[in-house]
Asks: 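Take this structure first; my questions come after.
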Amino acid sequence: MDSLLDKLNPVQREAVLHQKGPLLIIAGAGSGKTRTLTHRIAYMMTQGISPYNILAITFTNKAAKEMKERLVSMSEQGGQVWAATFHSTCVRILRRDIHRLGYDSNFVIYDAADSERMVKLCIRELNLNDKQYPHKSVLYFISQQKDELITPDEAERLVNDFRSKKYAEVYRLYQKKLKENNALDFDDIIFRTVELFSYFPDVLERYQERFKYLMVDEYQDTNTAQYRFVMLLAEKYRNLCVVGDDDQSIYSWRGANIRNILDFEKDFTDAKVIKLEQNYRSTQNILDAANRIICNNCKRKEKILWTDNEAGERIRFNVSDNEAAEGNFISSEIREQVKNGSSYSRFAILYRTNAQSRPLEEQLVLNGIPYRVFGGIRFYERKEIKDLLAYLRVINNPQDGLALTRIINVPRRGIGDASVQKINEYAGDNDISFFMALEQLDQITSLKTRLKAIAGFRDLIKNLIAYAKDHTVTEVINETLSVTEFTMEYALENTEEAKGRLENIEAFINKATEFESASQDKSLSAFLEEIALVADIDEYHEDQETVSLMTLHSSKGLEFPRVFITGFEEGVFPSIRSILDGGEGELEEERRLCYVGFTRAQEKLYITAARSRNRFGQTVYNTISRFYMEIPSNLIETKGLERRNRKKMETHDNRTGVSKYAEINKVRNSVDLTGAKNYIQPKMPEPKNVLLDYQIGDKVRQLKYGTGVVKDIQPAGADYEVTIEFPAHGVKKLFARLSKLKKVE
DNA sequence: TTACTATGGATTTTT
DNA sequence: TCCATAGTAA
């Protein structure tokens with residue numbers, strides 16, 4: 001028990017010992033926040049507090065998982081603590097009680113793309129013009145309202161002008177449709193839970209009793225809805241500990257309200273406030289620069305990070321002629337250091353926007369540097385995966401009209417918009433769901449020649465639903481793939497892109513298999529739910545031998561020995577929008593983003609800029625980021641800028657410099673980057689054909705399932721599907737290439 | 001119904 | 001430049 005406290009510094013210890021009543025921990029970057037939180041929970045349990053009464057809320061699955069793992073390693077009861085994201089916590093609460101709000105407890109969760117499709121439908125249905133009412137901004141409006149706990153009725157009352165009224169009208173229709181589809185979007189998950197707590201005190205009380213001790217991580221990122229959720233839960237026992245850093249608030253555009261953390265002491269006048277200011281991550285030079293930059297923001301809680309670490313090297317600032325040269329500089333720097341014994345995984349390349357990754361990737365490819373891009377188009381947002389998921393969603397819940405209309409013509413079966421429209425009309429007239437309309441197809445006389453194709457689709461779905469009743473998720477996926485001939489189009493295409501898609505499908509099947517072996521609840525609905533609530537960054541593992549590329553936003557919470565911050569230019573970082581129409585508020589958020597970026601670096605920080613870069617196909621000339629001027633010159637070593645021009649980058653010079661890179665541009669253009677999002681340069685080229693050193697009847701070993709006997713081997717595209725009977729896990733179908741089967745004697 | 005061309009818009013995105 | 005969308009031809 002004492003050893004728990006021994007591992008902490010005095011301030012951290014103070015936070016751990018304060019167990020009852022409101023507590024605000026301001027945790028600077030790299031100050032051992034997670035350590036403090038987990039120790040606090042572990043210490044609680046030694047003081048006789050039941051793990052059953054503790055709730056720790058995070059924003060990402062990754063943070064929740066990390067916390068759980070640490071707790072398990074620290075305490076026997078650690079595994080019983082409820083540590084989860086806002087969304088998964090609320091989903092669990094809703095599954096139990098949402099029927100009180102008139103929803104069915106097996107509601108589906110819409111992701112961003114589903115919401116977008118739904119908004120488009122609503123705009124069309126209200127006969128609004130997409131030019132005057134762009135779906136993106138309507139979607140943003142709706143999300144904003146929900147973050148602020150504003151219902152459609154209230155929204156309509158709150159706004160005055162005609163256009164905003166229309167926005168509110170779309171919101172109302174959107175909400176109505178979601179309910180008809182028994183669906184919740186991400187914002188609803190929080191909103192409906194707050195509603196549930198507000199309208200049904202008995203439900204609230206049950207959870208207040210259950211969660212007598214609350215902890216909220218990244219509190220600076222909470223929006224109004226999440227704030228209400230926390231306040232309601234904490235109201236009764238007031239054992240609320242929030243942890244955050246106002247300087248790392250970078251999601252205000254997603255509704256995060258920085259005031260939540262700044263006003264905590266007003267919400268709880270008896271709150272204890274603890275500041276963790278000792279940094280264990282970065283060198284003094286990096287910290288000094290970060291401190292100096294963030295000091296330029298006015299609305300913040302005063303704090304100065306310090307460290308016992310050595311001063312370290314100076315920050316390196318490098319200006320190149322164009323973005324190709326920028327990428328090349330980074331690549332040679334990495335190559336040089338790896339040659340001297342460093343490893344790829346020690347490097348991260350950060351940028352403001354995802355679009356910046358491509359020219360960087362090109363240079364990495366040219367230099368043979370293995371890398372991995374995080375974010376961008378997510379795995380579950382890829383077309384082929386979304387299509388396959390839509391099938392699963394329909395099988396799970398045929399009332400899911402959005403999913404149903406997505407796949408009705410995938411792969412092509414000659415059912416176009418016109419037919420869908422007619423079915424929709426019939427469904428609307430008779431007040432039934434799309435699927436019900438399919439059941440009564442014969443009544444829809446207008447369909448004529450298309451009737452047969454549609455009936456075929458309907459029967460296909462019905463068969464799959466029946467099949468799913470007594471088969472596992474993986475089997476259902478395989479069955480779906482085979483009866484729909486889903487992969488046929490891709491297999492025939494035989495392009496790099498199509499190959500990538502097939503690989504994604506394989507990877508998806510593997511995810512399903514993984515799910516089945518890891519999860520308690522192996523049902524299809526549990527699988528879909530898990531998928532709905534994961535992000536790509538959750539997949540980040542330190543052990544991959546690759547350089548990591550990601551946006552500055554995605555990098556929050558991570559650390560790397562060596563960090564490159566790229567595109568350090570006016571209009572790129574800070575972004576053009578924050579300069580043009582943002583006002584000081586948005587610029588301050590950019591500055592916080594810069595602070596986040598700097599504090600990711602442990603040993604060495606590089607900042608790079610390019611004099612010119614391509615923007616939407618046109619060359620633009622940027623000046624150096626204003627943030628550069630905020631770094632004291634003794635902390636930074638600058639290359640590529642004339643001394644007299646340090647304050648202001650030239651605008652028209654150096655067009656000649658481009659020719660220096662003409663050579664490399666030629667090579668660059670010949671590099672095929674299709675599907676290179678997750679490009680990992682293989683050390684040895686992988687064999688095109690899968691060589692199998694086992695046959696039917698052989699005993700093989702697989703990482704997860706152990707040993708089993710091969711029952712069948714079937715070709716599947718460029719791969720083989722191997723059926724194996726495992727004594728401990730039953731019969732599994734695995735892809736040879738991905739499941740790494742080894743023959744055992 | 002689909003396959004083509006023209007047009008205009010384009011941050012960040014924990015779930 | 002890349003992408004989604006709208007309009008048109010077949």
Side-chain angles (χ1 to χ4, degrees), chain A residues 57-64 84-91 109-113 115-117 120 124 129-131 134-137 139-140 143 146-147 184-190 217-218 220-223 225-226 248-256 350-356 358-359 374-378 380-381 409 412-420 449-450 453 529-538 540 550-558 567 571-582 586 589-590 592-593 596-597 613-619 669 673:
Chain A
I57 306 177
T58 63
F59 271 86
T60 64
N61 292 303
K62 185 171 177 281
T85 62
F86 270 105
H87 289 82
S88 66
T89 302
C90 288
V91 166
I109 299 165
Y110 277 4
D111 68 10
S115 302
E116 194 177 323
R117 252 157 57 85
K120 277 186 208 163
R124 202 166 294 177
N129 181 343
D130 197 72
K131 288 254 155 54
H135 61 265
K136 284 238 165 77
S137 75
L139 197 59
Y140 185 70
S143 176
K146 291 186 175 183
D147 287 348
L184 302 187
D185 65 18
F186 287 138
D187 301 320
D188 278 341
I189 290 172
I190 315 291
D217 196 9
E218 307 280 15
Q220 78 282 352
D221 289 336
T222 49
N223 63 30
Q226 288 155 341
Q248 292 188 65
S249 162
I250 53 174
Y251 284 104
S252 73
W253 49 276
R254 268 295 283 111
L350 310 181
Y351 35 77
R352 179 66 243 268
T353 64
N354 282 311
Q356 285 165 254
R358 200 180 165 103
F374 294 87
I377 307 163
R378 296 181 200 182
Y380 293 113
E381 282 169 12
N409 203 26
R412 307 235 149 88
R413 18 177 109 80
I415 309 171
D417 283 348
S419 307
V420 171
T449 54
R450 300 286 138 197
E529 179 161 316
E530 187 178 285
I531 282 172
L533 298 177
V534 297
D536 258 18
I537 200 77
D538 296 335
Y540 174 76
M550 65 187 83
T551 61
L552 285 145
H553 281 89
S554 307
S555 76
K556 196 173 79 164
L558 302 176
V572 177
F573 187 28
S575 74
I576 188 81
R577 291 264 280 259
S578 67
I579 297 170
L580 289 182
D581 49 43
E586 281 197 38
E589 181 141 321
E590 297 282 310
R592 290 194 291 271
L593 190 56
V596 167
R613 71 173 60 238
N614 261 0
R615 205 185 170 85
F616 309 138
Q618 282 194 317
T619 309
N669 291 334
L673 274 165

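Computed from heavy atoms alone, side chains included, the values below leave out hydrogens, waters and symmetry copies. Residue numbers start from 1 in every chain, and the chains themselves are labelled A, B, ... in the order their sequence lines are given, proteins ahead of strands. Here the structure is a predicted model, which is why all the values come from computation and not from measurement.
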Asks: Quick one: A/Gln226 CD to B/dT13 C1', roughly how many Å, whole number?
Replies: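 Between C1' of B/dT13 and CD of A/Gln226: 13 Å.
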
Asks: Check the distance between C/dT1's P and A/Gln356's CD and give it to me in whole angstrom.
Replies: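 Going from CD in A/Gln356 over to P in C/dT1 covers 18 Å.
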
Asks: For A/Phe86, which contact category applies under a 4.0 Å heavy-atom criterion: base, sugar-phosphate, or nothing?
Replies: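 Touches nothing.
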
Asks: Phosphate oxygens OP1/OP2 of B/dT13: is one of them under 4.0 Å from a side-chain N or O of A/Thr551?
Replies: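 Looking at the OP1 and OP2 atoms of B/dT13, one of them is under 4.0 Å from a side-chain N or O of A/Thr551.
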
Asks: Rounding to a whole Å, what distance do you find between A/Tyr140:OH and B/dT11:C1'?
Replies: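 Between C1' of B/dT11 and OH of A/Tyr140: 11 Å.
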
Asks: Can you see if the side chain of A/Lys120 gets near the phosphate of C/dT5 - specifically, an N or O under 4.0 Å from OP1 or OP2?
Replies: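 Yes, A/Lys120 has a side-chain N/O under 4.0 Å of OP1/OP2 on C/dT5.
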
Asks: Rounded to whole Å, please give me the gap between OH in A/Tyr251 and P in B/dT11.
Replies: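 These atoms are roughly 16 Å apart.
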
Asks: Send over the distance from A/Lys136 NZ to C/dA4 C1', rounded to a whole Å.
Replies: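 After rounding, the gap between these two atoms is 8 Å.
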
Asks: Rounding to an integer number of Å, can you tell me how far A/Leu139 CG sits from B/dT13 C1'?
Replies: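 A/Leu139 atom CG is separated from B/dT13 atom C1' by 12 Å.
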
Asks: Does B/dT13 have OP1 or OP2 under 4.0 Å away from a side-chain N or O of A/Ser554?
Replies: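 Yes, such a contact exists.
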
Asks: Which residues pass the ring pair (Phe, Tyr, Trp, His ring centres under 6.0 Å) test with A/Tyr110, not counting sequence neighbours?
Replies: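 Once residues adjacent in sequence are excluded, A/Tyr110 has no partner under the ring pair (Phe, Tyr, Trp, His ring centres under 6.0 Å) criterion.
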
Asks: Which residues satisfy the side chain to side chain donor-acceptor pair (under 3.5 Å) test with A/Asn223, sequence neighbours excluded?
Replies: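 If we apply the side chain to side chain donor-acceptor pair (under 3.5 Å) test to A/Asn223, skipping adjacent residues, the hits are A/Asp147.
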
Asks: For the side chain of A/Arg352 and the base of B/dT11, is some donor closer than 3.5 Å to an acceptor across the two?
Replies: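 Per atom types, no contact qualifies.
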
Asks: List the residues meeting side chain to side chain contact (heavy atoms under 4.5 Å, CB included) with A/Ala113, not counting sequence neighbours, and say none if there are none.
Replies: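 A/Ala113: side chain to side chain contact (heavy atoms under 4.5 Å, CB included) contacts with A/Asp111, A/Lys386.
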
Asks: Hey, are the side chains of A/Glu590 and A/Ile579 touching, using non-hydrogen atoms and a 4.5 Å cut-off?
Replies: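 Result no, sub-4.5 Å side-chain heavy-atom pair not found.
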
Asks: Residues in ring pair (Phe, Tyr, Trp, His ring centres under 6.0 Å) with A/His553, at least two apart?
Replies: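 Ring pair (Phe, Tyr, Trp, His ring centres under 6.0 Å) list for A/His553, sorted by chain: A/Tyr251, A/Trp253.
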
Asks: Within less than 4.0 Å of OP1 or OP2 of B/dT1, is there a side-chain N or O belonging to A/Ser419?
Replies: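 Affirmative; the distance criterion is met.
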
Asks: Which nucleotide in the list B/dT11, B/dT13, B/dT1 gets nearest to the side chain of A/Arg254?
Replies: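 From the listed options, B/dT13 comes nearest.
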
Asks: Restricting to salt bridge (Lys or Arg N to Asp or Glu O under 4.0 Å), what partner residues turn up for A/Asp188, sequence neighbours left out?
Replies: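 For A/Asp188 the salt bridge (Lys or Arg N to Asp or Glu O under 4.0 Å) partners, ignoring immediate neighbours, are A/Lys146, A/Arg192.
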
Asks: Can you check whether A/Asn354 has a side-chain N or O nearer than 4.0 Å to OP1 or OP2 of B/dT13?
Replies: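 So the side-chain polar atoms of A/Asn354 do come within 4.0 Å of the phosphate oxygens OP1 or OP2 of B/dT13, strictly under.
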
Asks: Whole angstroms only, please: what is the CD-C1' distance between A/Gln248 and B/dT12?
Replies: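 Answer to the nearest Å: 16 Å.
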
Asks: Of the listed nucleotides (B/dT1, B/dT13, B/dT11), which one gets closest to any side-chain atom of A/Glu590?
Replies: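 That would be B/dT11.
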
Asks: Measure the distance from CZ on A/Phe374 to P on B/dT12 and round it to the nearest whole Å.
Replies: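 Those two atoms, CZ and P, are 18 Å apart.
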
Asks: Check every strand shown and say whether A/Ala418 touches a base, only sugar-phosphate, or nothing at a heavy-atom separation below 4.0 Å.
Replies: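 The answer is sugar-phosphate, as A/Ala418 gets under 4.0 Å only of primed atoms, P, OP1 or OP2.
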
Asks: Between A/Glu218 and A/Arg450, which has a closest nucleotide on DNA chain B that is more 5'?
Replies: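 Result: A/Arg450.
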
Asks: Are A/Trp253 and B/dT12 stacked, counting the six-membered base ring, centres under 5.5 Å, planes under 30°?
Replies: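 By the stated criterion, A/Trp253 and B/dT12 stack.
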
Asks: Quick one: are A/Val596 and A/Ile250 in side-chain contact, heavy atoms under 4.5 Å?
Replies: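 When only atoms from C-beta onward are counted, A/Ile250 and A/Val596 do touch, with a gap below 4.5 Å.
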
Asks: Is there any protein nitrogen or oxygen under 3.5 Å from a nitrogen or oxygen in nucleotides 2-9 of chain B, and what are the pairs?
Replies:
from  : atom 1 : to       : atom 2 : distance (Å)
B/dT2 : OP2    : A/Asn409 : ND2    : 3.4

Asks: Does the A/Glu589 side chain pair with the main chain of A/Ser252, one donor and one acceptor, at a distance under 3.5 Å?
Replies: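 Checking the backbone N and O of A/Ser252 against the side chain of A/Glu589, a donor-acceptor pair under 3.5 Å is found.
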
Asks: Starting at the 5' end of DNA chain B, which residue's closest nucleotide do you reach first, A/His553 or A/Ala532?
Replies: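 That would be A/His553.
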
